[in-house]
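Whatever order the structure lists them in is the order used to number ligands and atoms, beginning at 1. Sequence positions, counted from 1, serve as the residue numbers for this chain.
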Amino acid sequence: MSTVESPRARPGTRLALFGGRSPATFLARYWQRRSLLVRSAWPAVDELAAFASRERLFTLALRDDVESRLVTRSGMRYELAHGPFRRRHLERLPPRDWTLLVSGVNLEDRAADRVLRRFAFLPWARLDDLMVSIAAPGGGVGPHVDSYDVFLLQAAGRRRWRYGRQRDLTLRNGVPLKLLERFAPTHSETLAPGDLLYLPPGYAHDGVAVDTCVTCSIGFRAPLFQELAEAFLDDLRDRVALDGRYADPGLRPRSHPGEIDAAMRRQVAAALKRVRIDGAMIASFLGRWLTEPKPLIHFTVPPRTRRVDFAQRIARSGLALDLRTQMLYDRTTLYVNGEAMAMPQTDASTLRRLADRRGLAARACRDLAPATIALLHGWHRHGYLETTP
Ligand code: SIN
Ligand code: CO
């Protein structure tokens, strides 16, 4: 393994990615505010070829543990089909007017993950996935809005994007996709390989393939507060522990047995008020929820390795988080794939570095405390880490 750590985000460095702007300037001027088109933002388009090829995307779309969709268009009529698909079906698609979208390509290909990790100046907690679409000329998903920030990186061929901010977000009736009834774009740009378009949430957009083309969408996670609340309450239900039971030893004979009286209400209210919600519970829920693997995700358990061999191996060649592993931390706690553990006293900075950079170089693995080795060895046994034998 050559380098196992993602590049460090330097807020002041000017990046080709943003047309020579620094991440700090991009965030201050564009992020969640206005669109940005950067020509030749990604000069090394060859880096995208391995995972953005027709063969690779078709192969992923055959799998039932990968999310894929096929949108076909006939004039203004769109049809949507969900994967997994049969190879024969994909290979017999017509020469025009379809697009195949494959989500979570970063979970399958390290080169795709590296594209995501170029956005390391943003919190990993906001990053969702890298979706890749391949389209025949005329193919696209139609005019729509997304509720999240997206960077659209053209990997191959050309795609014409029309986009703009509009008030009228009325949706078309009777179509299987959420398409805008009226679309009034203010911009029209044709993206060539290496060009990047950033669109904030709520921008109307429509991308149509000019020739056979491949587009990478780097999408960001922005949960609805309702979604967070429901998940938090589910979590609370699993963790709440109230002792005692309703009791009424002084009960008097009732002339209105149908009534729920004030004493009963008071007793229940007093019990329920003992369900406390504090900052620590919210922090723990958030870390576990953000790192919870998506439903289709499975980890591949590697052959058993003795702890001593594992320690030698990582001291020799470092380690990397598996592409599917989600690792975050806060002041007191580490979160890995939906589990929380207290931040160890020793090696805390190394473990934070592992979460930030998604890997550790060999030299960072040489003087780890036995407890840290045990922790990492456990993760390795679950398939959460990759090492080079
Ligand atoms: C795409 O067609 O690759 C991107 C779809 C989108 O606009 O979200
Ligand atoms: Co979109």
Which atoms of ligand 1 have any heavy atom of [X] under 4.0 Å away?
X	answer
Ser217	4 (C)
His144	6 (C), 7 (O), 8 (O)
Asp146	8 (O)
Arg159	1 (C), 2 (O), 3 (O)

Taking only Lys NZ, Arg NE, NH1 and NH2, and the carboxylate oxygens of Asp or Glu, determine whether [X] and [Y] approach each other closer than 4.0 Å.
X	Y	answer
Glu189	Arg39	yes
Arg56	Asp109	yes
Arg239	Asp235	yes
Arg352	Asp356	no

Report the atom name of the nearest N/O/S atom of [X] relative to the Co ion (ligand 2).
X	answer
His144	NE2
Asp146	OD2
His205	NE2

- [ ] With heavy atoms only and a cut-off of under 4.0 Å, state how Arg69 meets ligand 1: side chain, backbone, both or neither.
- [x]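 Contact part for Arg69 vs ligand 1: neither.
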Open item on the list: What protein heavy atom lies closest to atom 3 (O) of ligand 1? Include the residue and the distance to one decimal.
Closed with: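 Atom 3 (O) of ligand 1 sits closest to the protein heavy atom Ser133 OG, 2.5 Å.
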TODO: Quickly, which of Tyr30, Tyr203, Tyr198 forms a side chain to side chain donor-acceptor pair (under 3.5 Å) with Asp149? Name it, please.
DONE: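 Single side chain to side chain donor-acceptor pair (under 3.5 Å) partner of Asp149 among Tyr30, Tyr203, Tyr198: Tyr198.
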Task: Shared hydrophobic cluster for Leu101 and Tyr163 (ILVMFWY, side-chain gaps under 4.5 Å) - done: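 The answer is no; the residues belong to distinct hydrophobic clusters.
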- [ ] Ignoring angles and geometry beyond distance, decide whether His205 reaches within less than 3.5 Å of ligand 1 through its nitrogen or oxygen atoms.
- [x]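 Yes, there is a polar N/O contact under 3.5 Å.
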TODO: Examine Trp161 against ligand 1 and note whether any of their N/O atoms are separated by less than 3.5 Å.
DONE: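 It does not: no N or O of Trp161 is found under 3.5 Å from an N or O of ligand 1.
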Task: Working for salt bridge (Lys or Arg N to Asp or Glu O under 4.0 Å), residues Arg87 and Glu55 - done: CA-CA 10 Å; Arg87 185 174 282 280; Glu55 174 51 31; 3.5 Å; yes
Open item on the list: When you compare the side chains of Gln154 and Thr215, does any donor N or O come within less than 3.5 Å of an acceptor on the partner?
Closed with: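 Indeed, the side chains of Gln154 and Thr215 share at least one donor-acceptor pair under 3.5 Å.
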